S.K.: 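Just dropping this structure here.
Atoms considered below: every heavy atom in the structure, side chains included; atoms not considered: hydrogens, waters and symmetry mates. This structure is a prediction, so every number in the text was calculated from the model and none was measured.
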Amino acid sequence: MSFPLLTVTAALPAVGAVVTAAVPAAQRAAAKYTALLFSLATLVLAAVVLVRFDPDGDRYQLTESHAWIKDFGLRYDLGVDGIAAVMVALTALLIPFVMLAGWHDADPLEDADPNRRWRPTQGFFALILLVEAMVVLSFEATDVFLFYIFFEAMLIPVYFLIGGFGDRAHAAGEEEAARQRSYAAVKFLLYNLAGGLIMLAAVIGLYTVTAHQLGTGTFSLQEILSARASGKLHIETSTERWLFLGFFFAFAVKAPLWPLHTWLPNAMGESTAPVAVLITAVVDKVGTFAMLRFCLQLFPEASKWATPVILVLAVISIIYGALLAVGQRDIKRLIAYASVSHFGFIILGIFAMTSQGQSGATLYMVNHGISTAALLLVAGFLITRRGSRLIADFGGVQKVAPVLAGTFLIGGLATLSLPGLAPFVSEFLVLVGTFSRYPVLGIVATLGIVLAALYVLVLYQRTMTGPVKAGIEGMSDLKVRELVVVTPLIALLIFLGVYPKPVTDIVNPSVHHTLSDVHKTDPKPALEAKK
């Protein structure tokens, strides 16, 4: 039997979570370095997965398949296509930066009870590793029920990260801050659990359909696709649409798509900046990824049936998120609403049903993860120094901390998709792919670019330029640890902005497979012959 690379890649951070949690309470530094070491080892394995993946090979590679519960058709099936391989690499890449950025976020406060038994540092880093393990398994799973388990299980560690390790730079008193953290954590959990329960009903319905027509129920994605291709499995139109809606609802909550997005600003606002990155750059990507892997592949006809409504919702997300970002007074909530707008672009690209749109959407998932991480982590450094996340409390930062201001500007310019930075390429592909099939929606979506320039540049102007405000005079510039976090992310933004080919070469074959599943081809340009 070949080496189970995918299993080890997902299991390593889970083992790291257990080892980190077991570090003695007094050894906080040891716990941090232990967690960082496991995250770096996972990154190495994810790089091996990416290198071993052959874009010209089979659709799913490095596969593992083992019987789990035979009586219920449950299997332990793993495999990666090009999209999954890239998303695993993105997750493993961001986790070490999240840890380094949050190096002191879980340290006990100076006035905390020294005798308490709670070990916040160990718990904080162990939970991050646990989230990583579950996200990686979600990207690797090709059994629908196995995917569902980790799709839901990742909510628990994220819930504790929001509620137990919230932002200390809070304008309210400690009691009110704790109440708001609790509210944000519960709202996050309830929204996503509601979506997951509806998806569970759809998963059971899919199993029932396969059991009725194939004689034996199955959750295996590849078995279901093979049975449909051979004509052995035929899902009635009405049934397929209901099943599609059950899956899509859960993914739209996670994504998050308007109007199911309202948990995100609360969750990101009350979290520390590294946890906010973990939520929007890592966890939320499972939702858009699952739309490509499960919605379009399992329910092709229903996907085409629902496309007009989903595209309208995506465009609303783009404009709505950007408009609310313009009016925000809280730095992290501004970035949260900007992410709602960006996820609208991703979903727009997915359901435009063109190769350019879906390639752009997949590339956007990667680029949004890197650009949002860069902007949010620098914003976190800024907020920690000032002790406030209100835009009005800043001003003139570039005069006292020019490196911090410069990196903040680059992260902001990437967020507004400036040409030469990575998000521009993906946003351009999404718009081109949308315009070729839905020109009106493509034109309306471009308004999101204009609004992005507005909220990013106004944010920079109000925080970084002008006279130095009280409380900013002694602000320190970025330190070595912080530069280690920010510099590679900025380098990646520039590299992928100039040369995105390494990513597109990997994902494009998977995109073409997905389009084939829904029986779609790129529209031909309508050119009138000149007489």
Side-chain angles (χ1 to χ4, degrees), residues 57-84 138-152 195-252 286-287 289-307 310 350-351 353 358 509-521:
D58 295 337
R59 181 172 187 175
Y60 290 101
Q61 301 178 29
L62 306 175
T63 55
E64 302 173 31
S65 183
H66 306 283
W68 183 14
I69 306 176
K70 292 184 179 180
D71 293 340
F72 294 100
L74 298 179
R75 299 188 61 80
Y76 178 81
D77 286 350
L78 302 182
V80 291
D81 59 2
I83 299 171
S138 296
F139 290 138
E140 295 175 346
T142 56
D143 182 278
V144 177
F145 196 81
L146 184 68
F147 168 84
Y148 171 78
I149 290 173
F150 295 105
F151 180 81
E152 288 291 273
L197 288 174
I198 293 174
M199 179 184 169
L200 177 60
V203 169
I204 295 172
L206 179 64
Y207 177 84
T208 302
V209 170
T210 59
H212 177 71
Q213 296 193 28
L214 302 178
T216 302
T218 180
F219 295 104
S220 171
L221 175 65
Q222 296 186 67
E223 287 183 11
I224 294 172
L225 294 179
S226 177
R228 291 196 69 159
S230 64
K232 296 179 180 179
L233 177 65
H234 173 72
I235 305 177
E236 295 293 333
T237 300
S238 59
T239 302
E240 180 175 331
R241 290 177 179 180
W242 281 111
L243 294 177
F244 169 85
L245 290 174
F247 277 74
F248 181 79
F249 183 83
F251 303 152
V286 178
F289 167 82
M291 291 178 189
L292 283 164
R293 169 164 284 189
F294 296 106
C295 285
L296 268 59
Q297 293 185 38
L298 290 174
F299 316 111
E301 295 304 319
S303 297
K304 290 186 286 188
W305 163 75
T307 286
I310 294 173
I350 291 172
F351 284 90
M353 302 292 185
Q358 290 192 359
S510 297
V511 166
H512 291 304
H513 281 302
T514 304
L515 285 176
S516 176
D517 289 333
V518 293
H519 310 294
K520 282 284 190 179
T521 57

S.K.: With sequence neighbours excluded, tell me which residues meet salt bridge (Lys or Arg N to Asp or Glu O under 4.0 Å) with Asp77.
M.R.: Arg75
S.K.: Minimum heavy-atom separation for Ala84 and Arg293, please, with both atom names.
M.R.: CB-NH2, 3.6 Å
S.K.: Taking side chain to side chain donor-acceptor pair (under 3.5 Å) as the test, write out the residues that go with Gln213, two or more places apart.
M.R.: none
S.K.: Any chance you could measure His212, atom NE2, to Leu233, atom CG, to the nearest 0.5 Å?
M.R.: 10.5 Å
S.K.: Using a cut-off of 6.0 Å, state whether more than 12 heavy atoms not belonging to Trp68 lie near its atom CH2.
M.R.: yes
S.K.: Less than 4.5 Å apart, any side-chain heavy atom of Leu146 and any of Phe150?
M.R.: yes
S.K.: Might you point out which heavy atoms bring Cys295 and Phe251 nearest each other, and give the distance in Å?
M.R.: SG-CD1, 3.6 Å
S.K.: Given side chains that start at C-beta, do those of Phe299 and Leu206 come closer than 4.5 Å, heavy atoms only?
M.R.: yes
S.K.: Would you name the heavy atoms of Thr210 and Thr218 that are closest together and state the gap between them?
M.R.: OG1-N, 3.2 Å
S.K.: Any side-chain heavy-atom pair from Leu296 and Asp517 closer than 4.5 angstrom?
M.R.: no
S.K.: Do the non-hydrogen side-chain atoms of Leu298 and Leu243 ever get within less than 4.5 Å of each other?
M.R.: no
S.K.: May I ask you to decide if Leu221's main-chain N or O and Thr142's side chain share a donor-acceptor pair within less than 3.5 Å?
M.R.: no
S.K.: Report the residues that fulfil side chain to side chain donor-acceptor pair (under 3.5 Å) with Lys232, sequence neighbours left out, ordered by chain and then residue number.
M.R.: none
S.K.: With under 30° as parallel and over 60° as perpendicular, where do the rings of Phe244 and Phe351 fit, or are they tilted in between?
M.R.: perpendicular
S.K.: Could you tell me which non-hydrogen atom of Gly82 sits nearest to which non-hydrogen atom of Ser510, and how far apart they are?
M.R.: N-OG, 2.8 Å
S.K.: Would the Phe147 and Phe219 ring centres measure less than 6.0 Å apart?
M.R.: no
S.K.: Among all residues two or more places apart in sequence or in another chain, which pass the side chain to side chain donor-acceptor pair (under 3.5 Å) test with Gln297?
M.R.: Arg59, Tyr60
S.K.: Calculate, to the nearest 0.5 Å, the distance between atoms CG and OG1 belonging to Asp58 and Thr63 respectively.
M.R.: 8.0 Å
S.K.: For Glu240, which residues count as a side chain to side chain donor-acceptor pair (under 3.5 Å) partner, sequence neighbours excluded?
M.R.: Arg228
S.K.: If we ignore hydrogens and angles and just use 3.5 Å, is the side chain of Ser516 paired with the main-chain N or O of His512 as donor and acceptor?
M.R.: no
S.K.: Which pair of heavy atoms, one from Ala202 and one from Gly246, lies closest together, and at what distance?
M.R.: CB-CA, 3.9 Å
S.K.: Taking the side chain as C-beta and beyond, is there a heavy-atom pair between Met199 and Phe249 under 4.5 Å?
M.R.: no
S.K.: When you measure from the side chain of Glu140 to the backbone of Gly79, do you find a donor-acceptor pair of N or O atoms at a distance under 3.5 Å?
M.R.: no
S.K.: Does the side chain of Gln358 come within less than 4.5 Å of Leu292's, by heavy atoms?
M.R.: yes
S.K.: Taking the side chain as every heavy atom from C-beta outward, state whether Val80 and Phe139 have any atom pair closer than 4.5 Å.
M.R.: no
S.K.: With Pro509, which residues qualify under side chain to side chain contact (heavy atoms under 4.5 Å, CB included), at least two apart?
M.R.: Pro55
S.K.: What closest approach, in Å, do Arg241 and Ala302 show between heavy atoms, and which atom pair accounts for it?
M.R.: CA-CB, 3.8 Å
S.K.: Look only at the side chain of Ser230 and the backbone of Ser226, and say whether a donor-acceptor pair between them is shorter than 3.5 Å.
M.R.: yes
